[in-house]
Amino acid sequence: MNLFRYFQDSVAVALGELVAEGALPAGLDASRIAVEPPRDPSHGDISTNAAMVLSKPAGVKPRDLADKFAVKLRAHPEVTGVEVAGPGFINLRIRDSFWQARLADILRAGRSYGDSTAGGGKPVNIEYVSANPTGPLHVGHGRGAVVGDALAGLLNKAGFKVCREYYINDAGAQVDVLARSTHLRYREALGETVGDIPEGYYPGEYLKDVGRALAERDGPKWLGTPEAEWLATVRQFAIDALMIGIKEDLGALGIRHDLFSSERKLVEAGAIQAPLEALTSAGLIYEGVLEPPKGKLPDDWEPRPQTLFKSTEFGDDVDRPLKKSDGAWTYFAADIAYHLDKYRRGYAEMIDVWGADHGGYVKRMQAAVKALTEGKGALDVKLCQLVNLFDGGVPVRMSKRAGTFVTLRDVVDEVGKDVFRFMMLIRKNDQALDFDFAKVTEQSKDNPVFYVQYAHARATSVLRHAAEQFPAAELTSEALAGAVLNRLTDPAEISLIKILASWPRLVESAAEAHEPHRIAFYLQEVAAGFHGLWNKGKEDATLRFILSDDTEMTRARLALVQGVAHVIASGLIVFGVEPVEEMR
RNA sequence: GUGCCCUUAGCUCAGUUGGAUAGAGCAGCCGCCUUCUAAGCGGCAGGUCACUGGUUCGAAUCCAGUAGGGCACGCCA
């Protein structure tokens, strides 16, 4: 239950009554009415701008209108107080029993609390990672992987039907380079001395294994033969081998895509033709010559006629080429076909997670999606900024050449998948992120992963202790839902329940905004509320969760503790992070 | 030169899609452990939301411009 929706309905009912009574004209636009928590909790539990939004079209002063609403809302059974404040805000105070009932909701729902039907089962495609199969994943890929995966988890919780997809760029020049580099290592594996890896080849050590595996499978078959004979075979062999490695790296992070789509297969199946024809008949493709780029001119720039897509008609800055000068399709052309393919598979809503260095590519891709789907398809692109690695405050310098390149796997093996995942979600995706090996493994409040995990562990620990002390009491989540929850009256207890009860709304708004990081901040808020409450028991023994002489109160408090554990677990699960029961 | 992103407390960052007196954490200062895990908690102090205009009941948020930082800029992906 999103309780703000619940009260939004109450406001709508009040509006209807006022209209029926002739106090307000009919046909007012209610869409801008917001029902939300006030920024300042001292203003109440629920706040609405209804009077201010309706004031002008209704021709009534906002404060006067608010007073009319206040009369109606005061009659609401859950409302204990209504105040009109400031320019015309209507603030509601909700009775404790309402919040206590929400805690019971949480206990009955367990970790699925916050599951929403807001998405209505609508299919959403999230394409993330999609790293070129030319080497192991690095930390930047890891951020995109986690952001994409958490977003998928979030949308899934919000009621969308999510497809997690990986686009394999296995066509194009870079995989030919991969094939040649692998062939070199293959020759090396068969006893040749290759010396330094020449320019234009991938130097990575990881290709030695691939070359050796190829030598084991095919023997000397590809020695001394012209490139044209072995290129395709070696290429596919290397791509397959590297994709296995990439999937292992992702697996270590707990990420499994539903679908891997191959660019090469798409191109070979002739999928590029259809969208191009559609664009051509729409008059969006032409042969033309682009203006030279302003500013620094590339050395070899010369005007050339090209096949161009009129992306400027859809908000792009310049039209974009679809064919290279040798007649081959550009990556963009294949990507157009790929996005149309996703759309045809039923995904009108698409999300791509890219590195920030692809920022210049967003507009043209969105232009293409708009053009090909007649505006019915929507593409959102989440750009992930850099991850800066530190160790104890000292930047970790990375150089492929010096062999100090840090792979995603290195980091995950060092700090664990849960720490890595949480840390990747602690910043907005378009914000650069510092990752300090020393800090993220530290067990202190400075470390948000620890802080949140500890709250969950502490909650489950309290429940364990209680089970020992009250062997006869029914302490399952379902049983605690039936505890005498109106004994929870301490302001700190009620305020913690209010935080927990805002989880469904947070899920919906974070999902709508495609912003999983909001969950990280929310979980820290829950953890802080819980740690604070726990500590009150230190100062005032009557506020402890476990009171050996009062089973009824203990059960009510344990209900709250269990609720905290459920909500934290629910959030961590969206992130793909395991809620721990004990800190080790 | 153009486009996109960013600029909020000493530092790192949130800011619920335009709401009320702009919030956390760290660092600083002051307190709190014979106790359910102190691996923690409470309090104080800290602000020209880069700057200038505009839009309106109301702007950190939207628009225009200025300054600074990052990324990208035909046949790479």
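Note on naming: letters A, B, ... go to the chains in the order of the sequence lines (proteins, then strands), and numbering restarts at 1 for each one.
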Check the pair A:Gln469 / A:Ser548 against side chain to side chain donor-acceptor pair (under 3.5 Å), numbers first and verdict last. CA-CA 8 Å; A:Gln469 255 183 281; A:Ser548 50; 4.6 Å; no
[X] side-chain proximity, nearest of [options]:
X: A:Lys324; options: B:G15, B:A20, B:C75; answer: B:C75
X: A:Lys428; options: B:U17, B:G15, B:G40; answer: B:G15
X: A:Lys538; options: B:U56, B:A38, B:U17; answer: B:A38
X: A:Arg458; options: B:A38, B:A77, B:A20; answer: B:A38
X: A:Asp430; options: B:C5, B:C13, B:G40; answer: B:C5
X: A:Pro321; options: B:G74, B:C36, B:U17; answer: B:G74
X: A:Asp317; options: B:C75, B:G3, B:U37; answer: B:G3

Take the angle between the ring planes of A:Phe545 and A:Phe530 and call it parallel below 30°, perpendicular above 60°, tilted in between.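 Answer is parallel, since the angle falls under 30°.
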With the stacking rule set at 5.5 Å and 30°, tell me whether A:Phe89 counts as stacking on B:A20.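 According to the criterion (under 5.5 Å, under 30°), yes, A:Phe89 stacks.
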Looking only at side-chain N and O atoms, does [X] come under 4.0 Å of OP1 or OP2 in [N]?
X: A:Ser461; N: B:U37; result: yes
X: A:Gln431; N: B:A14; result: yes
X: A:Lys363; N: B:A72; result: no
X: A:His358; N: B:C73; result: no
X: A:Tyr451; N: B:C41; result: yes
X: A:His43; N: B:G19; result: no

Taking the six-membered ring of A:Trp354 (Phe, Tyr or Trp), confirm whether the NZ or CZ of A:Lys382 is under 6.0 Å from its centre and within 45° of its axis.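 Not satisfied by the 6.0 Å and 45° rule.
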Under 4.0 Å, heavy atoms only, any strand: does [X] hit a base, just the sugar-phosphate, or nothing?
X: A:Asn91; result: base
X: A:Pro37; result: base
X: A:Ser47; result: base
X: A:Asp40; result: nothing
X: A:Ala85; result: base
X: A:Lys56; result: sugar-phosphate

Can you tell me the Watson-Crick or wobble partner of [N], both distances under 3.5 angstrom?
N: B:U48; value: none
N: B:U7; value: B:A67
N: B:G31; value: B:C41

Looking at A:Arg557 and A:Asp550, is any side-chain nitrogen of the basic one under 4.0 Å from a carboxylate oxygen of the acidic one?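 Salt bridge flag = no for A:Arg557 with A:Asp550.
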Would A:Glu552 and A:Arg487 pass as an ion pair if we require N to O under 4.0 Å?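 A:Arg487 and A:Glu552: salt-bridged.
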Quick one: A:Met424 CE to B:C13 P, roughly how many Å, whole number?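 In whole Å, B:C13 P and A:Met424 CE are 13 Å from each other.
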Rounded off to whole Å, could you give me the CZ-to-C1' distance for the A:Arg427 and B:G15 pair?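 After rounding, the gap between these two atoms is 14 Å.
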Any donor-acceptor pair, under 3.5 Å, between the side chain of A:Asp357 and the base of B:A77, if you only look at N and O atoms?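 In this structure, the two groups form no donor-acceptor pair.
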Is there a donor on the side chain of A:Arg505 or the base of B:U16 sitting less than 3.5 Å from an acceptor on the other?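 Per atom types, the contact qualifies.
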Answer yes if the side chains of A:Tyr286 and A:Asp319 hold a donor-acceptor pair under 3.5 Å, and no otherwise.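 There is such a pair between these side chains.
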